[in-house]
Student: 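Below is a structure I'd like to ask you about.
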Protein chains: 4
Amino acid sequence: MDQPDIGPSQGGRGEEQETRERILAAASQLMAKKGYKGATTRKISQLAGVNEVTIFRHFKNKEAILEELLKGIVDIRQQLENDLHGDFSELKQMLLRYARGYYQMLVERKEILMICMIEADNHPEVIKLFSSLPMTAVEVLSNKLQEFQDQGHLPKGDACAAALMFVSTFFYSFMAKYRVNLSLNFQEEQLFEDATNILMNGITGNTHSHR
Amino acid sequence: MDQPDIGPSQGGRGEEQETRERILAAASQLMAKKGYKGATTRKISQLAGVNEVTIFRHFKNKEAILEELLKGIVDIRQQLENDLHGDFSELKQMLLRYARGYYQMLVERKEILMICMIEADNHPEVIKLFSSLPMTAVEVLSNKLQEFQDQGHLPKGDACAAALMFVSTFFYSFMAKYRVNLSLNFQEEQLFEDATNILMNGITGNTHSHR
Amino acid sequence: MDQPDIGPSQGGRGEEQETRERILAAASQLMAKKGYKGATTRKISQLAGVNEVTIFRHFKNKEAILEELLKGIVDIRQQLENDLHGDFSELKQMLLRYARGYYQMLVERKEILMICMIEADNHPEVIKLFSSLPMTAVEVLSNKLQEFQDQGHLPKGDACAAALMFVSTFFYSFMAKYRVNLSLNFQEEQLFEDATNILMNGITGNTHSHR
Amino acid sequence: MDQPDIGPSQGGRGEEQETRERILAAASQLMAKKGYKGATTRKISQLAGVNEVTIFRHFKNKEAILEELLKGIVDIRQQLENDLHGDFSELKQMLLRYARGYYQMLVERKEILMICMIEADNHPEVIKLFSSLPMTAVEVLSNKLQEFQDQGHLPKGDACAAALMFVSTFFYSFMAKYRVNLSLNFQEEQLFEDATNILMNGITGNTHSHR
DNA sequence: AATGAATGAGAATTCATTCAT
DNA sequence: TATGAATGAATTCTCATTCAT
């Protein structure tokens, strides 16, 4: 009664495996909004447009739905590293690609990420999956910057902090937009460029001190 | 069974208000970990060391506990602005102060922030409160940077993006530490300095281009 | 998962009736162990190695399976009486035959008997069927003993009590072995002989008193 | 709607611990008739005249009710042995006492015994408790008879079989009456005396053979 | 004739909340 | 003021059974 069906079953033909997908989509959507407990099987079934019991024909129990959704987070290291391919002369383009790629990845997984964020303390298996995306992103970028530092292209310094700043920016924007529904008065593309410029300046500058 | 009392009342006089505080503290702690629904009145009462019904002598219902907790988020604009007091020559010190002050504020409010994060979609009144802290922080810093740009101290540009990057960094670290229990291999103080340096370089550099 | 198929159909022709038997066998086995409710159609189908729905092609509903099983209890009076054929000089041999025959009959019907025992109060039609075996056994023996008493071969007395004792002994042993899985430290054959001896002594003795 | 309340709550005073007892009584009664699964918490609560949820304030879960009921079966060896106190001259009186005592014990525990009988295969802890009563009864009597045999009062022989016959008789009668609601055309007292006489004759007779 | 998908009725259990003391 | 007992509403899940293929 809150929301209409999630998908068009509209008939009775050819929705064989579709039911399972509808359930997953409904659960994902609801859990991302209401949390695991808030996404009751009744609400899931209503949103999916199926009978409540049908859920249990497709999944052993409610927890199994979550586990299935969690499989949607796969390791993204390789993909991120691809965006950083190139030598120092291309750093700026690489950073831009990286920003876009990372942000897009967050958006594509926004529901499962929200679920992880919400359920971090309730479902132990969630934590490691949850940390993988943001932390991997910091690591991959940090490693690349470190490499350039080692090659003398960048002044020695805080590659890790720089990577963290860069990644944080997009994660934060993502959270603001999709969790808090907050318009940051930012066009994403604009943010990618601005942040890239600031970071480029920040790490190629010459006024570093400490350590 | 899981956790001991949050603090025994160990006396006998004037516990009226103390009981209320114990309930609030227990609820805050549990909701921050388990969410609103996960923090059952039974668990709250056990952690608070009071009878379950006692909760309802102090609060109309469970929702009222949350509302009370939300009052704990007050506007922090004034305090943040104080940390940015000074002229351009002190910018670096200002940024460091700002970073420390902002991060400390997050930590001091970590439970209620987690609750807001978790319940953003369930309790409408949460959203505006929740957005206040991070967004205010961006705004305040952005305004100050803009001011310096207007005064010619900083090249025209992306004050808002810069502020966002700076603030994001600490919010992200805060989330990683307190939500995901992820050690970022960062000492906070080190991060404050590194991020400040990078930002200083980033915004005072001379290679800006973008529109 | 618990038990393998009750028997593969290993062929392809004429399994129609066989499927039905497999279902009956599985249901009998499960109901004897777990009771009517504990024998779910799913478990029955798994043990029978058929699809759950197939059950309902062969039986109107689950209750009909039980009814079919109950038909397996037929009157045994004739058979029991056959074991008691003979004159008084053969009493001991007759008793031995009777014991063996009765016990064997119990064992052959152990599953349906257990079902009756378990479901006595749930399925009204069960009770009369259930009582038929043990009570008939007492009656038939009692009649025979009475006959001998009337002929003067046995002292007047408690033919019915004697028959009850005799029959009880084997029913009790049967229950202990097949319901409680209790080894009574008895070989059945030994028990048949011992009980026969005791009964023979008991009813041919000369020290009777009671009214 | 099937049965009225089990006990007179009729007011609201002084039924503090009584509620628990009412639930236990209702559960015992229903489980003895319908089995564990057949005794739904709803039916129990209705028969007990309490709200369904109240059951779970008094018992962790349904299984805990059964466990509590099972505690009602305590070791009866001592009591049975008391009934067999005396020397050989009193054997007949002892047997009578024993029959009465054993039968009374069965009747007093009739509900829990029926539950055990029904659930023997479903609840593993039931089996050992269940076997204790009947087997102990056989053992105790068998030991006493053996003792008399060793003292030369009784001919060497099948004390165990004799004990089994005796005990079986009453257990069988008990089952017939309380499980199958079958009138055996027996007054219990008459059966005690008849069975005692037959056993006395049976074991003191002189026509034993084998071993 | 057999099966995979779907479902209504009902099961045990949890939870926030009220009542009486 | 605080508490133990009680409860209605809702939740996850099971089961027998039907439908369409």
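Each chain gets a letter, A, B and so on, in the order its sequence line appears, and its residues count up from 1. Worth saying up front: this structure is predicted, and the values here are computed from it rather than measured.
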Student: May I ask you to say whether D:E67 pairs ionically with D:K71, meaning some side-chain N is under 4.0 Å from a carboxylate O?
Tutor: no

Student: Over how many whole Å does the gap from C:N51 atom CG to F:dT17 atom C1' extend?
Tutor: 13 Å

Student: Which nucleotide in the list F:dC13, E:dT13, E:dT17 gets nearest to the side chain of A:K62?
Tutor: F:dC13

Student: Which comes earlier along DNA chain F counting from the 5' end, the contact point of C:K43 or that of D:I55, where each point is its nearest nucleotide?
Tutor: D:I55

Student: Sequence neighbours left out, what passes side-chain contact (heavy atoms from CB on, under 4.5 Å) with B:K37? Give chain and number order.
Tutor: A:K37

Student: Does B:R57 put a side-chain nitrogen or oxygen below 4.0 Å from OP1 or OP2 of F:dA2?
Tutor: no

Student: Could you grab the distance from atom CG of D:L24 to atom CD1 of D:I65, nearest 0.5 Å is fine?
Tutor: 7.0 Å

Student: With sugar-phosphate meaning primed atoms plus P, OP1 and OP2, does D:T40 contact a base, only sugar-phosphate, or nothing at under 4.0 Å between heavy atoms?
Tutor: sugar-phosphate

Student: Does D:H58 have a side-chain nitrogen or oxygen under 4.0 Å from the phosphate oxygens OP1 or OP2 of F:dA6?
Tutor: yes

Student: Rounded to the nearest Å, what distance is computed from the NZ atom of residue B:K37 to the P atom of nucleotide E:dT17?
Tutor: 12 Å

Student: Distance check needed: E:dG10 C1' versus D:E52 CD, whole Å only.
Tutor: 10 Å

Student: Taking only side-chain nitrogens and oxygens of A:T19, does any of them come within less than 4.0 Å of OP1 or OP2 of E:dA5?
Tutor: no

Student: Is there a side-chain polar atom (N or O) of C:T54 under 4.0 Å from OP1 or OP2 of E:dT3?
Tutor: yes

Student: For D:F56 and F:dT11, give me the distance from atom CZ to atom P, rounded to whole Å.
Tutor: 17 Å

Student: Whole Å only: how far is the NZ atom of A:K34 from the P atom of F:dT11?
Tutor: 13 Å

Student: If you apply the rule side-chain hydrogen bond (donor to acceptor under 3.5 Å, both in side chains), what do you find for B:Y178 with B:E111, and how did you get there?
Tutor: CA-CA 9 Å; B:Y178 290 99; B:E111 287 179 355; over 6 Å; no

Student: Rounding to a whole Å, what distance do you find between A:N61:CG and F:dT11:P?
Tutor: 17 Å

Student: Got D:Y36 and D:N122 here, is their nearest side-chain heavy-atom distance under 4.5 Å?
Tutor: no

Student: Between which residue ranges does DNA chain E form stems of three or more consecutive Watson-Crick or G-U wobble pairs, both distances under 3.5 Å?
Tutor: E:2-21 with F:2-21

Student: Distance check: side-chain N/O of D:T41 vs OP1/OP2 of E:dA11, anything under 4.0 Å?
Tutor: no

Student: Whole Å only: how far is the CD atom of A:E18 from the P atom of E:dA5?
Tutor: 14 Å

Student: Which comes earlier along DNA chain F counting from the 5' end, the contact point of A:E63 or that of C:V53, where each point is its nearest nucleotide?
Tutor: A:E63

Student: Would you kindly give the CZ-to-C1' distance between A:F59 and E:dA5, to the nearest whole Å?
Tutor: 14 Å

Student: Could you work out, with side-chain contact (heavy atoms from CB on, under 4.5 Å) as the rule, every residue matching C:F56, not counting sequence neighbours?
Tutor: C:T41

Student: Once rounded to the nearest 0.5 Å, what's the spacing between atom CD1 of C:I115 and atom NZ of C:K110?
Tutor: 11.5 Å

Student: Does E:dA11 have OP1 or OP2 under 4.0 Å away from a side-chain N or O of D:R42?
Tutor: yes

